[in-house]
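Let me begin by presenting the structure, written as structure tokens, before commenting on it.
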Amino acid sequence: MFGIAFVGAQVMEVPTPMPSKGGVYSTPATVPASTCPDLIADCPFGFMYDNSTGCTINECAPDPAIKQLEYDAQCVKDQQRSLKEFERYNIKDTERRFKELERGKFTVPAEARTQMEQMKSQWQTAQALTTCQELGDASRELNDSSNDINALLRDAEDAMNAARCLKDAQRELKDFERYGIKDVERKIQQAKKKRVAVPEGIVSGLEHVKTSFVQAKNADNCTDINDAKSEMYNANNDVQEAMRQLDLLMQMPQMLKQITRELKNIERQWKTATNKAKRSKADLSDLVARGQSLLDSMKAIFEEIKAAAASGDLERIRDVMEDSDADAREHENEIFEIIRTVEALSNAPRYIKELDRRMKNISRQAKDMQRFQKIDTSTFTACLDNVKPLITAAKEEAGRRPADPDATMDAFSTVEEAFSDCEEIRRSLEGSQEEFFGEFIPDQMMNGVKGGPPQTILSPPTHSEKKVIN
């Protein structure tokens with residue numbers, strides 16, 4: 001209804017009296033009066049004042065009565081919005097609290113129910129109010145009623161929460177008794193049956209846990225229960241740490257059995273290797289001496305582990321296991337390497353003979369393909385010619401002293417790959433997927449020492465083949 005002029009900068013409302021016709025308002029000394037406009041408007045509520053020029057201008061200030069009406073209208077909107085929020089956060093929430101008490105089988109105070117009905121009635125009445133003052137008074141009355149109801153419900157809710165706390169605590173303690181006490185007692189009995197020494201920390205700690213458990217179970221309020229539970233769980237943490245140590249002790253018998261089996265397996269393979277070393281033409285005495293030294297060292301480590309396990313001293317067991325683990329693995333790898341070396345050098349003569357026999361058979365087959373099947377076998381024959389020097393190289397490597405088992409194995413593998421290439425050519429020429437001469441190297445050559453880490457293509461001969469080994 002009434003505009004506000006903006007001239008150059010912010011305009012501040014300054015009610016001023018109506019001047020006489022043609023009059024001029026005073027202005028700051030720094031602004032000449034001649035620059036200010038003549039005030040010719042009829043402004044019963046005063047004029048506007050321009051801060052930037054220092055002049056009073058021909059714009060009327062708003063009617064205070066109208067501003068009051070606008071303020072009242074906004075106040076009513078705010079109060080009505082507050083009433084809606086009151087219904088959500090006070091009335092409905094209080095009804096929810098009533099239902100929660102009833103579900104918990106607790107009686108809602110009769111006075112609280114009465115005041116609740118009165119508060120709902122007050123809220124309904126407030127909906128019809130239209131002035132800011134009336135709505136403000138109604139809001140204050142509603143808040144007072146809500147506070148009174150909260151005070152009445154507080155004791156009942158405290159009693160309900162205390163009962164819930166006791167119920168939850170009893171359920172928690174029941175589970176704890178099963179998993180935190182009885183499981184520990186059962187494991188202690190298992191350890192005793194296995195003749196494993198139970199650490200004293202477990203026995204004394206378990207007694208402390210039981211004492212705190214009884215205190216928590218007999219407490220009649222949440223504060224005492226929580227205090228006892230805190231003490232109980234602290235003691236249980238120490239017990240569980242000791243139980244992990246007991247678990248290690250209980251695993252030791254099985255670990256010792258496993259180590260015993262592994263040592264017997266190594267000893268069995270070592271015995272076979274030493275027998276072959278005795279029959280070998282090569283001088284393998286140094287290898288045998290080194291292997292026997294490694295085996296004796298592994299046995300000594302095992303005896304040290306057994307002694308530590310029998311003592312029940314966890315620190316000693318850990319120290320021995322940590323110190324011996326790397327050495328035992330290194331000894332095991334080295335002794336198997338020696339076993340592979342002995343195997344390679346012992347079986348090499350048989351495989352040399354096998355190479356010659358196979359080459360004769362394959363060469364004869366190439367001739368038969370050309371003679372009876374009328375196939376041009378020149379590429380096949382050329383491939384076989386390339387294999388011959390590789391066989392010669394394998395023979396030389398197998399007879400080298402001191403022997404290099406890795407080089408020997410590589411030499412035989414190279415021959416095998418060359419024969420595989422020839423096989424592909426034969427299949428292409430014959431146009432058949434039929435196995436003509438089969439694998440060059442028998443399957444035994446690709447089998448490693450059973451139980452040993454890496455594999456070798458050189459393996460022990462069968463019973464029928466032992467006669468070819470000197």
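Since this is a predicted model, take the numbers as computed values, not measurements. Note that the numbering runs from 1 along the sequence shown for the chain.
- With sequence neighbours left out, Asn161 forms a side chain to side chain contact (heavy atoms under 4.5 Å, CB included) with Arg164.
- Here the side chains of Leu429 and Ile425 are in contact, with some heavy-atom distance below 4.5 Å.
- Atom CD of Glu157 and atom CG of Asn150 lie 8.0 Å apart (nearest 0.5 Å).
- Separation of atoms CD1 (Ile339) and CD1 (Ile266) is listed at 7.5 Å; rounding is to 0.5 Å.
- A side-chain donor from one of Asn265 and Arg268 sits under 3.5 Å from a side-chain acceptor of the other.
- Annotation: side chain of Asn218 is not in contact with side chain of Phe213 (no heavy-atom distance under 4.5 Å).
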The test is salt bridge (charged side-chain N to carboxylate O under 4.0 Å, His left out); show your working for Arg318 and Glu322 and say whether it passes. CA-CA 6 Å; Arg318 285 198 183 95; Glu322 290 176 359; 6.0 Å; no

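- The ring-ring contact (aromatic ring centres under 6.0 Å, His included) test applied to Phe176 returns Tyr233, not counting sequence neighbours.
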How far apart are the C-alpha atoms of Asp175 and Arg178, what are their side-chain angles, what is the distance that settles it, and do they pass the salt bridge (charged side-chain N to carboxylate O under 4.0 Å, His left out) test? CA-CA 5 Å; Asp175 291 340; Arg178 176 182 178 185; 6.0 Å; no

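- Side-chain N/O atoms of Glu337 and Asn333 include no donor and acceptor closer than 3.5 Å.
- Paired with Met243 under the rule side chain to side chain contact (heavy atoms under 4.5 Å, CB included), one option of Asn236, Val198, Ile202 passes, and it is Ile202.
- You'll find the side chain of Val184 stays beyond 4.5 Å of the side chain of Val209, heavy atoms only.
- The shortest side-chain heavy-atom distance between Ile301 and Val320 does not fall under the 4.5 Å cut-off.
- The list of ring-ring contact (aromatic ring centres under 6.0 Å, His included) pairs with a residue in residues 290-315, not counting sequence neighbours, is empty.
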For residues 101-110, dump all side-chain donor-acceptor pairs below 3.5 Å to protein atoms at least two apart in sequence or in another chain.
unit_1, atom_1, unit_2, atom_2, d
Glu102, OE2, Arg113, NH2, 2.3

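- Residues satisfying the salt bridge (charged side-chain N to carboxylate O under 4.0 Å, His left out) criterion with Lys278, sequence neighbours excluded, are absent altogether.
- Under the 4.0 Å criterion applied to side-chain N and carboxylate O atoms, Arg96 and Asp93 are assigned as salt-bridge partners.
- In this structure Arg357 satisfies the salt bridge (charged side-chain N to carboxylate O under 4.0 Å, His left out) test together with Glu354, sequence neighbours excluded.
- Residues passing the salt bridge (charged side-chain N to carboxylate O under 4.0 Å, His left out) test with Arg186 are Asp183, sequence neighbours excluded.
- Here the side chain of Ser146 pairs no donor or acceptor atom with the backbone of Leu142 at under 3.5 angstrom.
- Taken to the nearest 0.5 Å, the CE atom of Met298 stands 11.0 Å off from the CD atom of Glu334.
- When all heavy atoms are compared, the tightest approach of Lys92 to Arg88 is CB-O, 3.6 Å.
- With a 4.5 Å cut-off on side-chain heavy atoms, Met359 and Leu355 do not count as touching.
- Residues Lys187 and Asp247 are paired through a salt bridge, judged by an N-O separation under 4.0 Å between the basic side chain and the carboxylate.
- Listed for the Thr381 side chain is a donor-acceptor partner under 3.5 Å among the backbone atoms of Thr377.
- Between the side chains of Glu304 and Ser324, no donor-acceptor pair of N or O atoms lies under 3.5 Å.
- Sequence neighbours left out, the pairs with a member in residues 196-213 that pass side chain to side chain donor-acceptor pair (under 3.5 Å) are Glu185-Lys210, His208-Glu231.
- Here the side chains of Ile391 and Asp356 are in contact, with some heavy-atom distance below 4.5 Å.
- A salt bridge links Lys306 with Glu303: the closest approach of a Lys/Arg side-chain nitrogen to an acidic carboxylate oxygen falls below 4.0 angstrom.
- Note that the CE atom of Met232 and the OG atom of Ser230 stand 9.5 Å from one another [nearest 0.5 Å].
- Counting only distance, with no hydrogens or angles, the side chain of Thr260 and the backbone of Leu256 share a donor-acceptor pair below 3.5 Å.
- We find that Arg427 and Glu423 are joined by a salt bridge, their nearest charged nitrogen and carboxylate oxygen being less than 4.0 Å apart.
- In summary, the side chains of Asn221 and Asp224 do present a donor paired with an acceptor at a separation below 3.5 Å, with no hydrogens or angles considered.
- Formation of a donor-acceptor pair under 3.5 Å by the Thr414 side chain with backbone atoms of Asp410 is found in this model.
- Distance check, rounded to the nearest 0.5 Å: CD1 of Ile149 to CE of Met119 gives 3.5 Å.
- With respect to Arg154 and Asp158, no salt bridge is recorded, no charged nitrogen being found less than 4.0 Å from a carboxylate O.
- Residues Ser139 and Gln79 share a closest heavy-atom pair of OG-OE1, 3.0 Å.
- Using a cut-off of 4.0 Å between Lys/Arg side-chain N and Asp/Glu carboxylate O, Lys388 and Asp385 are scored as salt-bridged.
- Closest non-hydrogen pair, Leu135 versus Ala126, comes out as CD2-O, 3.5 Å.
- Inter-residue side-chain proximity for Arg426 and Met369 is flagged as met; some heavy-atom pair is nearer than 4.5 Å.
- Pairs engaging residues 255-280 under the ring-ring contact (aromatic ring centres under 6.0 Å, His included) rule: none recorded [sequence neighbours left out].
- For the salt bridge (charged side-chain N to carboxylate O under 4.0 Å, His left out) test, residues two or more places apart in sequence or in another chain that qualify with Arg81 are Asp78.
- Side-chain polar atoms of Gln122 and Ser145 form a donor-acceptor pair below 3.5 angstrom.
- Rounded to the nearest 0.5 angstrom, Ile335 CD1 and Glu330 CD are separated by 13.0 Å.
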Take Glu172 and Lys167 through the salt bridge (charged side-chain N to carboxylate O under 4.0 Å, His left out) test and state the conclusion after the steps. CA-CA 9 Å; Glu172 179 183 354; Lys167 184 177 180 180; over 6 Å; no

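- Here the closest non-hydrogen pair linking Cys222 and Ala162 is SG-O, 4.2 Å.
- No more than 12 heavy-atom neighbours from other residues, nucleotides or ligands sit within 6.0 angstrom of CD on Glu111.
- Of the N and O atoms on the side chains of Gln258 and Glu262, at least one donor lies less than 3.5 Å from an acceptor on the other residue.
- With sequence neighbours excluded, the residues satisfying side chain to side chain contact (heavy atoms under 4.5 Å, CB included) with Ala407 are Glu397, Asp404.
- A heavy-atom distance below 4.5 Å is not found between the side chains of Glu177 and Leu173.
- A donor-acceptor contact shorter than 3.5 Å links the side chain of Trp123 to the backbone of Leu83.
- Take Lys257 and apply the side chain to side chain contact (heavy atoms under 4.5 Å, CB included) test, not counting sequence neighbours, and it matches Gln254, Arg261.
- Between the side chains of Asn143 and Arg140, no donor-acceptor pair of N or O atoms lies under 3.5 Å.
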